[in-house]
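Have a look at the structure below before the remarks.
Only a predicted model underlies this, so the values are computations on that prediction, with no experimental measurement involved. These numbers come from the heavy atoms of this one structure, side chains and all, not from hydrogens, waters or symmetry mates.
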Amino acid sequence: INSLRVLTVTESQRRMKNLKAITERAGGRSRFWFTSLEAISAESAESVLFHSIWHVAQRSETQSLLEDTNL
């Protein structure tokens, strides 16, 4: 499967960073996406899909799951 994403929501930013680092050390690549409950709660429900709140293994910048074509 080429387009599978494994999404992980953690209780804190610290935990999210630790899980991302462990995943990267174990060879995890851009299939693994992480965010915190805090990041989700701080925004509207649409933020989960359209805002750059996801930290992707092997990438330094945050990403959004989908692009909002209406923006």
Heavy-atom side-chain proximity of Trp54 to Val9 below 4.5 angstrom: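 Trp54 vs Val9: side chains touch.
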Please collect all side-chain hydrogen bond (donor to acceptor under 3.5 Å, both in side chains) contacts where either partner lies in residues 19-30, sequence neighbours excluded, each pair once. Lys20-Glu24
Hey, could you give me each pair passing side-chain hydrogen bond (donor to acceptor under 3.5 Å, both in side chains) that has a residue in residues 4-16? Not counting sequence neighbours.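 side-chain hydrogen bond (donor to acceptor under 3.5 Å, both in side chains) check on residues 4-16 returns Gln13-Ser36.
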Kindly work out whether a path of hydrophobic side-chain contacts (I/L/V/M/F/W/Y, heavy atoms less than 4.5 Å apart) joins Trp33 to Ile22. no
Which atom of [X] lies closest to which atom of [Y], heavy atoms considered:
X: Leu4; Y: Arg31; value: O-CG, 3.3 Å
X: Ser64; Y: Phe50; value: CB-O, 3.4 Å
X: Ala57; Y: Gly28; value: CB-O, 3.9 Å

Roughly how far apart are Thr35 OG1 and Ile53 CD1, rounded to 0.5 Å? 4.0 Å
